[in-house]
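Before any comments, here is the structure.
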Amino acid sequence: MTYTPAPTSGPDLPAGGEPPAPRRRLGCALEIVETLVLTLVIYLVIHNFVAQPFEVEQESMVPTVNPGEYVLIDKISPHFNDYERGDIVVFQPPEGFGQGGVPFIKRVIGMPGDTVSLENGRVFVQQPGGSPVRLEEPYVVHTIEGGTAPTLPKDSEGTTSWTVPAGMYFVMGDNRPDSQDSRFFGVVDRELIVGRAWLRYFPLDRVGFVGHPTYAGLSTAAYDRAGSSATIQLSMARP
């Protein structure tokens, strides 16, 4: 904001050193415009590069995130700590699967290089050079009988196995019976991902950080940023 020195009397000022009323009004207007422009710039920088509020409109992440709840999307940390298995991410729908321009929110299940398979309603993940590991998924919606809902094929071919290419992710909703996800439209390009859900901030009785599960027997695979090979960098799973 500009600093205007105290006016002194002179040929353009009346006695007493006060500028004419129109000039004072113009100075105030310029300060207001500067403040508004600065506020807008700060908002756009934060919104586009740091964090973005997102209203959940679908039921695919019930019971973890419900329709009508608001989450804050972390856009900056994926540049330094790539998406991991178990992250809840918001992404633009793959071409041909949009629903009025509304982004999707799902959980990352398969990392680049993984093979994801379904067997008897349960999910298995096989990392490169490893053996299939059954995922323990306590976050998945339960049936009326109280058990975890089965994860079944969604496409017309009844596909039960997918290998995730470099730069892609396999995602599913926690509400498995009612989620259109990678079982239906295939893997998601990293370029479509807006960011990871970080904080639920509304309603007030549900405020809290979005939890991140761990999967016994699986390492966290980091996406090969070079994008030219299917090399998978393995590291210790995030606690």
Side-chain angles (χ1 to χ4, degrees), residues 47 49-94 97-99 101-112 114 116 123 125 135-142 148-149 151 154 162 164 167-216 218-223 235 237-239:
H47 186 275
F49 301 105
V50 180
Q52 176 182 339
F54 175 73
E55 180 185 4
V56 178
E57 299 185 22
Q58 304 109 353
E59 297 184 353
S60 63
M61 284 302 295
V62 172
T64 307
V65 187
N66 300 316
E69 294 185 342
Y70 287 78
V71 296
L72 196 63
I73 305 169
D74 170 18
K75 292 184 171 184
I76 194 167
S77 71
H79 295 288
F80 311 100
N81 179 25
D82 223 325
Y83 300 110
E84 300 176 357
R85 185 180 295 102
D87 281 345
I88 296 175
V89 296
V90 174
F91 58 96
Q92 298 299 332
F97 295 94
Q99 298 178 355
V102 178
F104 289 173
I105 180 168
K106 312 286 181 185
R107 189 183 298 274
V108 174
I109 299 297
M111 305 290 291
D114 286 347
V116 180
V123 181
V125 172
L135 298 189
E136 296 295 334
E137 300 187 281
Y139 44 76
V140 170
V141 71
H142 286 64
T148 301
T151 303
K154 280 284 188 178
W162 304 259
V164 186
M168 301 286 184
Y169 293 86
F170 189 93
V171 299
M172 286 194 284
D174 291 354
N175 187 3
R176 296 291 162 79
D178 210 13
S179 173
Q180 299 298 318
D181 47 42
S182 287
R183 294 172 292 166
F184 180 68
F185 51 67
V187 295
V188 174
D189 193 316
R190 188 186 189 282
E191 298 300 317
L192 293 177
I193 301 178
V194 178
R196 57 164 62 95
W198 171 59
L199 176 72
R200 183 193 302 106
Y201 65 92
F202 186 84
L204 297 181
D205 61 347
R206 294 264 291 167
V207 169
F209 293 103
V210 177
H212 187 284
T214 57
Y215 300 100
L218 291 172
S219 299
T220 298
Y223 166 64
S235 60
R238 182 170 75 181

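Salt bridge status for Asp174 with Arg107: present, with a side-chain N to carboxylate O gap under 4.0 Å. A salt bridge links Asp87 to Arg196: at least one charged side-chain nitrogen sits closer than 4.0 Å to a carboxylate oxygen.
Side-chain contact between Pro94 and Asp189: absent, with no pair of heavy atoms (C-beta onward) separated by less than 4.5 Å. Within the 4.5 Å cutoff, side-chain heavy atoms of Tyr169 are placed close to those of Ile193. For the pair Phe202/Glu55, no side-chain contact is recorded, criterion being any heavy-atom separation below 4.5 Å from C-beta on. Counting heavy atoms from C-beta on, the side chains of Met172 and Val140 never come closer than 4.5 Å.
Partners of Val210 by side chain to side chain contact (heavy atoms under 4.5 Å, CB included), not counting sequence neighbours, listed by chain and number: Ile88, Ala197. With sequence neighbours excluded, no residue satisfies side-chain hydrogen bond (donor to acceptor under 3.5 Å, both in side chains) with Asn175. Checked against ring pair (Phe, Tyr, Trp, His ring centres under 6.0 Å), Tyr139 has no partners two or more places apart in sequence or in another chain. Annotation: side chain to side chain contact (heavy atoms under 4.5 Å, CB included) contacts of Ser182 (sequence neighbours excluded): Phe170, Val171, Phe185, Val188. Listed by chain and number, the residues in a ring pair (Phe, Tyr, Trp, His ring centres under 6.0 Å) with Phe91 are Phe104 (sequence neighbours excluded). Remark: Asn66 engages Glu69 in a side-chain hydrogen bond (donor to acceptor under 3.5 Å, both in side chains) (not counting sequence neighbours). Glu137 is linked by a salt bridge (charged side-chain N to carboxylate O under 4.0 Å, His left out) to Arg176, counting only residues two or more places apart in sequence or in another chain.
Here the closest non-hydrogen pair linking Val125 and Ile109 is CG2-O, 4.0 Å. Taking all atoms of both residues into account, the shortest heavy-atom contact from Tyr201 to Pro53 is OH-CB, 3.1 Å. Taking all atoms of both residues into account, the shortest heavy-atom contact from Pro78 to Arg190 is O-NH2, 3.3 Å. In terms of heavy atoms, Leu199 sits closest to Gly208 at CD1-O, 3.4 Å.
Rounding to the nearest 0.5 angstrom, the gap separating the CZ atom in Arg183 from the CH2 atom in Trp162 is 7.5 Å. Rounding to the nearest 0.5 Å places CD of Glu191 at 9.5 Å from CE of Met168. Distance check, rounded to the nearest 0.5 Å: CG of Leu72 to CZ of Phe209 gives 10.0 Å. Going from atom CD1 of Ile105 over to atom CD1 of Ile73 covers 7.0 Å, rounded to the nearest 0.5 Å.
Below 30°, between 30° and 60°, or above 60°: for Phe97 and Phe184 the angle between ring planes is above 60°, a perpendicular geometry.
Of the possible polar contacts, one joining the Lys154 side chain to the Pro177 backbone as a donor-acceptor pair under 3.5 Å is found. Arg85 places a side-chain N or O within donor-acceptor distance of the main-chain N or O of Ser219, the cut-off being under 3.5 Å. In this structure, the side chain of Glu136 does not engage the main chain of Thr214 through any donor-acceptor pair within 3.5 Å.
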ask   = Should Tyr70 and Phe54 be marked as a side-chain contact (heavy atoms from CB on, under 4.5 Å) after you check the CA-CA gap, both sets of side-chain angles, and the distance that decides it?
value = CA-CA 6 Å; Tyr70 287 78; Phe54 175 73; over 6 Å; no
task = Check the pair Leu135, Leu218 against side-chain contact (heavy atoms from CB on, under 4.5 Å), reporting the backbone distance first and the verdict last.
result = CA-CA 9 Å; Leu135 298 189; Leu218 291 172; 3.4 Å; yes
key: CA sep, side-chain torsions, deciding dist, call: Lys106, Ser179, side-chain contact (heavy atoms from CB on, under 4.5 Å)   = CA-CA 9 Å; Lys106 312 286 181 185; Ser179 173; 3.2 Å; yes
